[in-house]
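Note that the numbering runs from 1 along the sequence shown for the chain.
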Amino acid sequence: MKKLCQVLLILLFVCLVPIAVNAQSFRVQCPNSTITHPVAANNNSEPPYAGPTYTGTNGYGTAPANVNGAIKCQQIAGGDGYATMGDGTQTYMFSFGPLSGLTKIANGQPGTDFPFEFNTSYTGPTLQPGDPATHDGAGPGPNSLSTFTYNGGVGLVPDLDAIASGTCTAPCLDGHVDPRQMLDVGVMNGNIPAPMIAIDEDDEFFLTLSNVGMIMRPDLFEQHTVHFHGYPNASSFYDGVPDASVAINIGGSFTYYYLAPDAGTYFWHCHITPPEHLQMGMVGQIYVRPRQNRVPSTTALYTALQTQQNDPRTACNSAVDILCTNPLPAINTGAMGGGKYAYNDGDGSTAYDVEYPLQIHGFDPNFHFVGMTFNPEGFSDMKDKYFLLNGRGYPDTVTPGPLATMSTDGAMHYSQPLPSIIDIPAGKKALLRISDLDVTEYQTLASLGIPMKVIGINAKLLRDQAGNNLAYNTNSITLGGGESLDVILDASDTTKYQAGQVFYLYTSNLDHLSNDAENFGGLMTEVHIK
């Protein structure tokens, strides 16, 4: 009788497994309005900065004094995937993949959406594993992206039960999702680096992480989180450190919330067993554009920055606050708004025309191999042999468009969407947002022909408390893991820099100029004057 009961319990457990799997809890959030951004129609564009959002007399919870910024949303999957190295080797990864902004990301852009972009249901042909690569008809490599243009939240569908009960008005996109769509797109769809995020100062940012599981490692029930490294004033609940916040299980979703703070270049990563998950690829870049980008061309930058000093959240009283990030410049240059800037500089010193993210990474292929084959990883023996810019080693760094890799599901995936060719229009300036995503090594990049002007370090404008600019020119920069630099390549002198010229950005660590055992690869890319 006892054995019969044991058999019945086993059968009951087997029968319940599909129920547990189907009882998923995927959800997404992208509100059209909030307390801070109360009018939905105004939250799909960036308004000029209008003064402090909240003052000392009307704290959070009441109508804001001024509405600044907008609402931005993004959805990502936590899972696994493959990428192809410069020598043709496929590398297995733990990785984040896109579940919104698919077309943007495949075109090398951030996948961040306004609510009107995010809150849309997909109406095209049935989503397939590997989309948008699948809709491109990608065989051995990708074709055009003209056949796929969807950027909304994957899986968002009308809540038919709510519509039927009268509690929600069609289309009723209230975060209810079709898990089939999410799994078709999210499984084995990891990106290296992780999907790029870009927001503007004063935005409210909603980032949904859905854990779709690691198909190649079914023995692992790995949780995932998102930690914004170096991000100031993050609530511990949304900081992604599992000891103080939450971790997301397989089959679940969690939406992180941030009120975008100081401008600059940051990076983000999973904070579950960080040495393993970062080395395996769960790391990417986020940058915050400054308020100064929204200053009209009729307004002086100095005056605009003076206005910001009245905002309690970003005021910079250098007499008492030695950590303030944007003191008024020592000299009023009279520069006017209407351009693009890396920081709220007040004098136009961080102006640029085009920007490029450059994310440095290193891979130990042996570590990745044992991570795929159920063997314990040797953390103490980690030694990078592949060195990557935006997930690619030379010559793939200068291959335009997304790189596709066929994963074990038999579908092509745009696992390396971001090239690192730097195209500078003649007479213009390029901003390089450089992040070191490496775990084990310091990394150096050198520039020949066009000096690098370093204007920011670790998301802080290089300026002393008296307002003197401390930017400097150099031919090489060195970063440790977790550090970032904002660098301007100035090709505005048309007597020196003319269309058709090619320069190189590369590492002076000669052993990092290789793709594993093959020479002539790794950390190198080209700068083209167009």
Trace of the salt bridge (Lys or Arg N to Asp or Glu O under 4.0 Å) decision for Arg289 with Asp200: CA-CA 5 Å; Arg289 306 180 187 99; Asp200 292 81; 2.9 Å; yes

Mind checking the [atom1]-[atom2] spacing from [X] to [Y]? Nearest 0.5 Å is all I need.
X      : Y      : atom1 : atom2 : result
Met214 : Met188 : CE    : CE    : 11.0 Å
Asn44  : Phe116 : CG    : CZ    : 5.5 Å
Asn119 : Ser100 : CG    : OG    : 10.5 Å
Thr225 : Ile248 : OG1   : CD1   : 6.5 Å
Asp516 : Asp364 : CG    : CG    : 9.0 Å

Within the side chain of [X], is there an N or O that forms a donor-acceptor pair under 3.5 Å with the backbone of [Y]?
X      : Y      : answer
Ser121 : Leu156 : yes
Asp438 : Thr440 : yes
Thr167 : Ala162 : yes
Glu222 : Gly213 : no
Asp80  : Phe94  : no
Ser420 : Thr525 : no
Asn42  : His37  : no
Ser25  : Gly251 : yes
Thr112 : Gln74  : no
Tyr386 : Gly393 : no

Checking side-chain polar atoms at under 3.5 Å, does [X] have a donor or acceptor matched by the opposite partner on [Y]?
X      : Y      : answer
Ser253 : Thr208 : no
Thr53  : Asn68  : yes
Thr36  : Tyr54  : yes

For the student: nearest non-hydrogen atoms of [X] and [Y], plus distance:
X      : Y      : result
Thr34  : Pro31  : CG2-CG, 4.0 Å
Phe118 : Cys30  : CD2-CB, 3.4 Å
Gly97  : Pro195 : C-CG, 3.6 Å
Asp262 : Val288 : O-CB, 3.8 Å
Pro419 : Asn390 : O-ND2, 3.1 Å
Phe387 : His512 : CZ-CD2, 3.3 Å

Apply the ring-ring contact (aromatic ring centres under 6.0 Å, His included) test between Tyr257 and each candidate in Phe237, Phe228, Phe206; give the one that qualifies.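 Answer to the ring-ring contact (aromatic ring centres under 6.0 Å, His included) test with Tyr257 among Phe237, Phe228, Phe206: Phe206.
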
Here's one to test your reading of the geometry: is the NZ or CZ of Lys72 within 45 degrees of the ring axis of Phe114 and under 6.0 Å from its centre?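 That pair qualifies as a cation-pi contact.
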
Cation-pi check for Tyr49 against Arg294: NZ or CZ below 6.0 Å from the six-membered ring centre and within 45 degrees of the axis, yes or no?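 That pair does not qualify as a cation-pi contact.
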
Which residues pass the ring pair (Phe, Tyr, Trp, His ring centres under 6.0 Å) test with [X], sequence neighbours left out?
X      : answer
Tyr352 : none
Phe267 : His229, His269
Tyr150 : Tyr122
Phe379 : Phe367

Report the residues that fulfil salt bridge (charged side-chain N to carboxylate O under 4.0 Å, His left out) with Glu441, sequence neighbours left out, ordered by chain and then residue number.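 Applying salt bridge (charged side-chain N to carboxylate O under 4.0 Å, His left out) to Glu441 gives Lys383.
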
Residues which pass salt bridge (charged side-chain N to carboxylate O under 4.0 Å, His left out) with Arg392, listed by chain and number, not counting sequence neighbours: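 With neighbours one apart ignored, the set is empty.
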
Counting the benzene-type ring for Trp, do His224 and His271 have ring centres under 6.0 Å apart?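 Ring-ring flag for His224/His271: false, centres at least 6.0 Å apart.
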
Presence of salt bridge, Arg291 and Asp202, under 4.0 angstrom: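 Result for this pair is yes, salt bridge flagged.
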
After noting the C-alpha distance and the side-chain angles of Asn249 and Gln223, does the key distance pass the side chain to side chain donor-acceptor pair (under 3.5 Å) rule? CA-CA 5 Å; Asn249 290 312; Gln223 299 171 316; 2.9 Å; yes

Audit row: Leu523, Tyr394, side-chain contact (heavy atoms from CB on, under 4.5 Å) steps and yes/no: CA-CA 7 Å; Leu523 292 180; Tyr394 190 84; over 6 Å; no

Can Ile422 and Leu432 be said to form a side-chain contact (heavy atoms from CB on, under 4.5 Å), step by step? CA-CA 9 Å; Ile422 300 166; Leu432 307 186; 3.8 Å; yes

Sequence neighbours excluded - side-chain hydrogen bond (donor to acceptor under 3.5 Å, both in side chains) pairs with any residue from residues 171-180: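 Found Arg180-Asp184.
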
Per the side-chain hydrogen bond (donor to acceptor under 3.5 Å, both in side chains) rule, what does the pair list look like for residues 238-248, sequence neighbours excluded?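 Counting only pairs at least two positions apart or across chains, the side-chain hydrogen bond (donor to acceptor under 3.5 Å, both in side chains) contacts touching residues 238-248 are His227-Asp239.
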
Heavy-atom check, side chain of Val185 versus side chain of Pro129, under 4.5 Å: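 Counting from C-beta outward, Val185 and Pro129 never come under 4.5 Å.
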
Kindly indicate, with the supporting measurements, whether the criterion side-chain contact (heavy atoms from CB on, under 4.5 Å) is fulfilled by Met85 and Gln416. CA-CA 10 Å; Met85 299 295 101; Gln416 294 154 287; 4.2 Å; yes

Please enumerate all residues that pass side chain to side chain donor-acceptor pair (under 3.5 Å) together with His413, with sequence neighbours excluded.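 Testing His413 for side chain to side chain donor-acceptor pair (under 3.5 Å), a comparison that skips the adjacent residues, returns Asn189, Asp409.
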
Among all residues two or more places apart in sequence or in another chain, which pass the side chain to side chain donor-acceptor pair (under 3.5 Å) test with Ser435?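 Partners of Ser435 by the side chain to side chain donor-acceptor pair (under 3.5 Å) criterion, ordered by chain and then number, come out as Gln285.
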
Using the test side-chain contact (heavy atoms from CB on, under 4.5 Å), find all partners of Glu483 that sit at least two apart in sequence or belong to another chain.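 Checked Glu483 against side-chain contact (heavy atoms from CB on, under 4.5 Å); matches are Asn458, Leu479.
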
For the side-chain hydrogen bond (donor to acceptor under 3.5 Å, both in side chains) test, which of Thr405, Thr134, Asp136, Asn191 pairs with Tyr414?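 Option passing the side-chain hydrogen bond (donor to acceptor under 3.5 Å, both in side chains) with Tyr414: Asp136.
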
Run the side-chain contact (heavy atoms from CB on, under 4.5 Å) check on Tyr258 and Leu207 step by step: do they pass? CA-CA 8 Å; Tyr258 295 95; Leu207 174 68; 5.6 Å; no

Between side-chain atoms of residues 368-376 and protein atoms elsewhere (two or more places apart, or another chain), which donor-acceptor pairs fall under 3.5 Å?
unit_1 : atom_1 : unit_2 : atom_2 : d
His368 : ND1    : Tyr92  : O      : 2.5
His368 : NE2    : Gln279 : O      : 2.8
Thr373 : OG1    : Phe369 : O      : 2.9
Thr373 : OG1    : Asn375 : ND2    : 3.0
Asn375 : ND2    : Thr373 : O      : 3.3

